[in-house]
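As structure tokens, the structure follows; a few thoughts come after it.
Worth knowing before you read on, the calculation uses all heavy atoms, side chains too, and leaves out hydrogens, waters and symmetry mates.
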There are 2 protein chains.
Amino acid sequence: MRARSDLLSGAGRPSEARRSRPKQAVPRMAPAQRKAMLLARASDFFAEYGLTAQTRALAEACGVAQRLIYRYFPSKAALLQEVYEEAIVAPFKAVWLVRLRDRSQPFETRLQEFYHNYYDAVLTRKWLRLFLYASLAEARMAPDYIQAIIVEILETIVVEAAHAQQVELPSGRDLRNEIGWMLHGAVSHFAIRRHLYEASRRVEVERILALHIRCFVTGFAAMAAEARACEGTT
Amino acid sequence: MRARSDLLSGAGRPSEARRSRPKQAVPRMAPAQRKAMLLARASDFFAEYGLTAQTRALAEACGVAQRLIYRYFPSKAALLQEVYEEAIVAPFKAVWLVRLRDRSQPFETRLQEFYHNYYDAVLTRKWLRLFLYASLAEARMAPDYIQAIIVEILETIVVEAAHAQQVELPSGRDLRNEIGWMLHGAVSHFAIRRHLYEASRRVEVERILALHIRCFVTGFAAMAAEARACEGTT
DNA sequence: GATTTAATTCGTAAACTGACGACTTATATT
DNA sequence: AATATAAGTCGTCAGTTTACGAATTAAATC
């Protein structure tokens with residue numbers, strides 16, 4: 001049972017394929033450029049076929065010999081590490097936090113802007129697939145940057161919501177974050193549904209995001225009250 | 001790059017290990033029993049190490065020869081198919097729908113009961129891992145039963161919520177389901193976080209479910225209104 | 001206890017996979 | 001145009017991996 005990669009490695013006749021481009025496409029590239037190209041293709045490739053997909057199939061997808069990959073990356077593990085940095089960590093933008101805290105805009109507007117950007121930049125098919133493959137730990141390459149970044153986003157959202165609605169928050173940090181996770185989880189799961197399960201495609205993204213945000217904003221005070229109450233119990 | 005399975009296949013000394021149980025544990029079993037045992041272990045095994053994990057490692061985990069697996073399952077793909085039926089489809093209980101529609105109980109109570117059961121029976125580590133591995137399509141073994149079942153749950157929840165709160169729903173079926181997905185997605189993502197990312201472990205499950213449900217119930221009317229409004233626009 | 005039945009293991013074929021030494025050849029420089 | 005540099009490919013090794021024919025051996029039957 002090979003991974004999905006066998007869909008790729010186009011069946012048979014490697015000799016003919018080789019003979020059909022005898023001295024044509026041999027586009028020799030500068031190292032930096034070539035490495036960037038390999039990395040870009042690799043992130044697409046592993047997102048599609050999983051972290052266990054083979055270097056041979058990747059090389060084929062890049063139109064180069066398998067050996068060339070090892071000129072630019074010492075091992076497959078090292079390549080995966082760079083894929084992780086480039087395709088998982090890099091999409092997060094620091095500006096988002098600043099904009100979320102910009103109280104000159106109404107809170108719900110800020111939320112909409114944020115999740116619009118977040119959905120487009122982070123919650124892509126490629127990002128989700130790589131992140132899930134990594135989390136399922138075919139290789140434990142995912143450190144906890146990501147969780148740390150997301151938690152900071154959650155804290156910001158919850159604090160801003162409380163400020164906007166003049167609501168008192170529970171004192172416990174974890175409980176506070178769980179309030180934020182309600183919205184963030186709903187949106188993340190929407191993206192998973194859409195990009196992985198190929199579902200929820202009939203209604204426009206913007207409408208669904210607006211729906212989720214509206215529910216969160218409306219239910220926020222009730223959540224905070226419930227959280228404070230159960231905090232008293234403990 | 002092997003999958004996580006290499007954590008398993010306990011390093012070295014196979015000969016010694018074999019000699020150390022020379023005629024002891026050779027528990028010959030009736031076919032039906034043996035097959036059930038293999039299937040049960042296989043679902044745990046593939047949930048942990050991914051659908052690309054090896055039959056040899058599985059056999060070792062079962063304490064039998066690798067060849068024996070092929071006596072009960074014609075191929076690895078067939079085995080995976082049975083794992084899917086047993087571990088992904090089977091946990092869904094038809095009673096849940098009945099209980100959700102039992103209007104002798106308050107709606108929020110029904111929701112709590114349902115998500116309590118659903119979280120315990122479906123949203124387990126094992127189920128989530130298998131479902132995600134399948135969805136990521138190392139093998140396309142996931143048909144659409146699951147989506148169909150979940151959509152029926154969503155429809156029920158949304159209709160019951162509208163009835164409980166005397167709220168008018170949008171006419172579009174897809175839009176209606178998206179309202180239900182807000183809660184269902186939030187809860188599902190909570191389970192993913194907890195079982196896959198090993199996060200959100202400090203607050204008790206019940207509290208978090210109650211929080212999400214409270215937000216949904218409180219925000220429901222606002223969502224329905226928003227959905228009806230944007231329906232008018234289209 | 002001898003005989004049969006079938007559950008279980010052994011051993012291996014054929015294909016696959018990460019890694020790399022040695023060779024080829026495009027391109028820039030003189 | 002000759003030369004040097006290094007980008008890129010060939011071929012292969014060692015270890016895996018699915019799958020299966022053939023040999024073992026525990027237990028049921030008489």
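Looking at A/E204 and A/R194, no side-chain N of the basic residue comes within less than 4.0 Å of a carboxylate O on the acidic one, giving no salt bridge.
If you measure from atom NZ of A/K76 to atom C1' of D/dT16, you get 13 Å, rounded to the nearest angstrom. In this entry the distance linking CD1 of B/I69 with C1' of C/dC10 reads 15 Å, nearest Å. Per the geometry, CE belonging to A/M29 stands 12 Å off P belonging to D/dT9, to the nearest Å. Counting to the nearest Å, the P atom of C/dG18 and the CD atom of A/E60 are 14 Å from each other. Going from atom CG of A/L68 over to atom P of D/dA6 covers 16 Å, rounded to whole Å.
Side-chain proximity of B/R71 to C/dA19, D/dG8, C/dA7: nearest is C/dA7. Nearest to the side chain of A/Q66, among C/dT8, C/dA19, D/dA19, sits C/dA19. Listed nucleotides: C/dT9, C/dG18, D/dT9. Nearest to the side chain of A/Q54: C/dG18.
Not a single ring-ring contact (aromatic ring centres under 6.0 Å, His included) links A/F46 to another residue, sequence neighbours left out. Take B/E113 and apply the salt bridge (Lys or Arg N to Asp or Glu O under 4.0 Å) test, not counting sequence neighbours, and it matches B/R99. Under the side-chain hydrogen bond (donor to acceptor under 3.5 Å, both in side chains) criterion, B/D102 pairs with B/S104, sequence neighbours left out. With sequence neighbours excluded, no residue satisfies side-chain hydrogen bond (donor to acceptor under 3.5 Å, both in side chains) with B/R41. Every salt bridge (Lys or Arg N to Asp or Glu O under 4.0 Å) that A/K126 has, sequence neighbours left out, goes to A/D44. Residues passing the ring-ring contact (aromatic ring centres under 6.0 Å, His included) test with B/Y70, sequence neighbours excluded: none.
One cannot find a donor-acceptor pair under 3.5 Å joining the base of D/dT9 and the side-chain atoms of A/R56.
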For a quick test of your reading: what N or O donor-acceptor pairs under 3.5 Å do the side chains of residues 174-182 of chain A make, sequence neighbours left out?
unit_1	atom_1	unit_2	atom_2	d
A/D174	OD1	B/R202	NH1	3.0
A/D174	OD2	B/R202	NH1	3.1
A/R176	NH1	A/P170	O	3.3
A/E178	OE1	B/R193	NH2	3.0
A/E178	OE2	B/S200	OG	2.8

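B/F73 comes within contact range of no nucleotide atom at all, as no heavy-atom separation falls under 4.0 Å.
Of all the residues in residues 31-38 of chain B, B/P31, B/R34 reach under 4.0 Å from DNA chain C with at least one non-hydrogen atom.
DNA chain D is contacted by both A/R67 and B/Y70; A/R67 maps to the nucleotide lying nearer its 5′ end (nearest heavy atom per residue).
Taking five base pairs at each end of the helix from C/dG1-D/dC30 to C/dT30-D/dA1, the local helix axes there meet at an angle of 10°, rounded to 10°.
Of all heavy-atom pairs between A/R129 and A/L196, the closest is CG-CD1, 4.0 Å.
Residue B/R28 has no polar side-chain atom (N or O) positioned under 4.0 Å from OP1 or OP2 of D/dA27.
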